[in-house]
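Chain naming here is simple, since letters A, B, ... match the order of the sequence lines and numbering starts at 1 in each.
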Protein chains: 2
Amino acid sequence: MNIHFYLYLCTSKQDIMAKLQKSIDKRNALIKATIELVNNNGFHATAMSKIAKIANVSPATIYLYFENKQDLVNQTYLDVKTKYTDFVFKTYNENISIKDGFELIWKRIAEFNSKESEYSFFLNQCNNTPMIDESSRQEGIKHLQPLLDLWKRGKADGIIKPFSDQILYAYSINPLSFLMMAQKQGHFQLNDHIEEAFVTAWDSIKR
Amino acid sequence: MNIHFYLYLCTSKQDIMAKLQKSIDKRNALIKATIELVNNNGFHATAMSKIAKIANVSPATIYLYFENKQDLVNQTYLDVKTKYTDFVFKTYNENISIKDGFELIWKRIAEFNSKESEYSFFLNQCNNTPMIDESSRQEGIKHLQPLLDLWKRGKADGIIKPFSDQILYAYSINPLSFLMMAQKQGHFQLNDHIEEAFVTAWDSIKR
DNA sequence: AAAAAAAGAATGAACATTCATTTTTATCTA
DNA sequence: TAGATAAAAATGAATGTTCATTCTTTTTTT
């Protein structure tokens with residue numbers, strides 16, 4: 001019997017909430033452990049037993065929350081991707097000039113890469129390997145819809161180059177992933193060059 | 001007794017050459033198989049026995065050529081990286097304007113990505129995961145020295161932005177990796193947009 | 001007291017690597 | 001040059017380990 005059906009059957013509202021929180025905590029601990037281990041060792045060298053140990057849980061318990069290892073990694077990916085998108089667009093609204101809107105979103109992405117580099121690194125790995133099921137990886141950059149809309153507006157106004165979203169993304173957003181990796185390996189400090197990086201991004205896509 | 005010492009002891013020059021070729025062929029077959037399997041399944045799901053099967057060799061034979069699995073992958077990485085660098089700078093010489101030199105190199109890289117996408121994809125995976133030993137991955141983008149020299153000249157002449165090589169690379173070269181991945185997943189056709197991609201690259205780094 | 005959740009130990013498959021043997025190649029002798 | 005011999009290369013099967021997953025028992029919750 002799964003956790004949520006079980007919760008439904010409980011009587012006290014407080015109990016339900018406490019229980020739910022506990023199971024959420026456990027799931028989060030598992031996802032956190034997965035990110036940490038996959039980042040450091042890669043998917044292949046990440047054993048379920050190690051994930052369990054770091055999450056302070058028995059290996060068997062993982063299977064109460066996830067179907068199998070693949071499911072655990074897929075769900076971790078989707079979780080992290082959601083965190084990313086939520087963070088990036090939290091401060092955005094459409095009533096703003098093209099350039100300012102782009103700057104706002106770009107800087108949020110940079111901030112996410114910098115502050116949540118564990119998450120960024122994990123996403124990056126997922127996007128560049130066959131670690132994740134194709135179905136979970138979904139359709140490329142669609143999750144950045146507000147940014148794509150902004151670009152559409154920018155193209156219509158003659159402010160942004162009339163090129164495909166793939167190109168605009170490749171040149172203005174994706175470089176942040178590379179810079180983050182370079183930072184992780186100690187070749188670079190993104191924070192010392194944010195403005196330079198932004199100018200370069202804007203120069204690449206502006207008309 | 002290793003292959004090369006053995007070869008040294010042989011008498012006929014023809015024999016030596018034939019023998020050497022044969023062992024080179026086998027090594028190449030193993031490396032080719034490794035690339036194919038790692039690209040499709042990732043390092044973790046690539047069994048030595050499968051590599052052996054695809055290379056038409058016994059699993060045990062792999063260990064005549066490589067110390068172990070990690071060594072096989074490291075050597076594969078170094079091999080492919082050398083192919084990449086050789087291809088990219090084959091047509092380059094320094095007596096050329098900054099912009100033309102950049103265009104020449106950039107288009108060679110694009111061509112390599114397009115024609116040798118198996119290699120590119122493999123390199124990309126290696127650069128974004130802990131699959132390769134840190135020592136084999138070496139020092140970032142140092143292998144592109146002629147390009148770094150060109151940029152140095154360009155900065156001195158006020159033609160290229162006076163930013164770090166990491167930034168210039170992130171914006172003008174790395175996007176090609178993303179576009180190649182997008183192409184692999186069917187979101188994009190690089191060949192249909194080469195000129196757009198080049199213009200964007202140049203706009204990003206030119207002063 | 002009953003039911004669910006969690007645990008640790010057990011299971012079986014997969015895998016990297018090694019071992020014992022066979023096959024191929026090269027060298028030597030008549 | 002043919003045939004015998006020795007050495008290396010290649011092999012398929014064996015080994016021991018690791019790991020995902022499951023099973024049975026214990027603990028916790030209601």
Please say whether the positively charged group of B/Arg108, taken as NZ for Lys or CZ for Arg, lies over the ring of B/Phe87, i.e. under 6.0 angstrom from the six-membered ring centre and within 45 degrees of the axis.
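Yes; both conditions hold, so B/Arg108 lies above the ring face of B/Phe87.
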
Quick check on the helix from C/dA1-D/dT30 to C/dA30-D/dT1: what's the angle between its two end axes, five base pairs per end, to the nearest 10°?
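The two end axes of the helix from C/dA1-D/dT30 to C/dA30-D/dT1 meet at 0°.
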
Taking side chain to side chain donor-acceptor pair (under 3.5 Å) as the definition, give me every residue that meets it alongside [X], ordered by chain and number, with sequence neighbours left out.
X        : answer
B/Asp100 : B/Ser97
B/Glu111 : B/Lys115
B/Glu116 : none

If I take atom [atom1] in residue [X] and atom [atom2] in nucleotide [N], what distance separates them, rounded to the nearest angstrom?
X       : N      : atom1 : atom2 : answer
A/Gln70 : D/dT21 : CD    : C1'   : 15 Å
B/Lys69 : C/dT17 : NZ    : P     : 8 Å
B/Tyr65 : D/dA8  : OH    : P     : 15 Å
A/Ile62 : D/dT21 : CD1   : C1'   : 10 Å
A/Tyr63 : C/dA9  : OH    : P     : 17 Å

Side-chain (B/Ser172) to main-chain (B/Leu168) donor-acceptor, under 3.5 angstrom:
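It does hold such a pair.
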
Residues of residues 34-60 of chain A with any non-hydrogen atom less than 4.0 angstrom from an atom of DNA chain C: list those, numerically ordered, please.
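Contacts with DNA chain C under 4.0 Å: A/Val57, A/Ser58, A/Ala60.
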
Applying side-chain hydrogen bond (donor to acceptor under 3.5 Å, both in side chains), run through B/Asp71 and B/Gln75 and close with a yes or a no.
CA-CA 6 Å; B/Asp71 181 47; B/Gln75 288 202 39; 3.2 Å; yes

Start with the C-alpha gap between B/Ser120 and B/Asn113, add the side-chain angles, then the distance that decides, and say whether side-chain hydrogen bond (donor to acceptor under 3.5 Å, both in side chains) holds.
CA-CA 5 Å; B/Ser120 303; B/Asn113 275 308; 3.0 Å; yes

Strictly under 3.5 Å: I want the nitrogen or oxygen pairs between protein and nucleotides 24-28 of chain D, one per line.
none

Is the phosphate of D/dA10 approached by B/Lys26 (side-chain N or O, under 4.0 Å from OP1 or OP2)?
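Looking at the OP1 and OP2 atoms of D/dA10, one of them is under 4.0 Å from a side-chain N or O of B/Lys26.
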
Going by an N to O cut-off under 4.0 Å, is there a salt bridge joining A/Asp165 and A/Lys155?
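Judged by the 4.0 Å cut-off on N to carboxylate O distance, A/Asp165 and A/Lys155 do form a salt bridge.
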
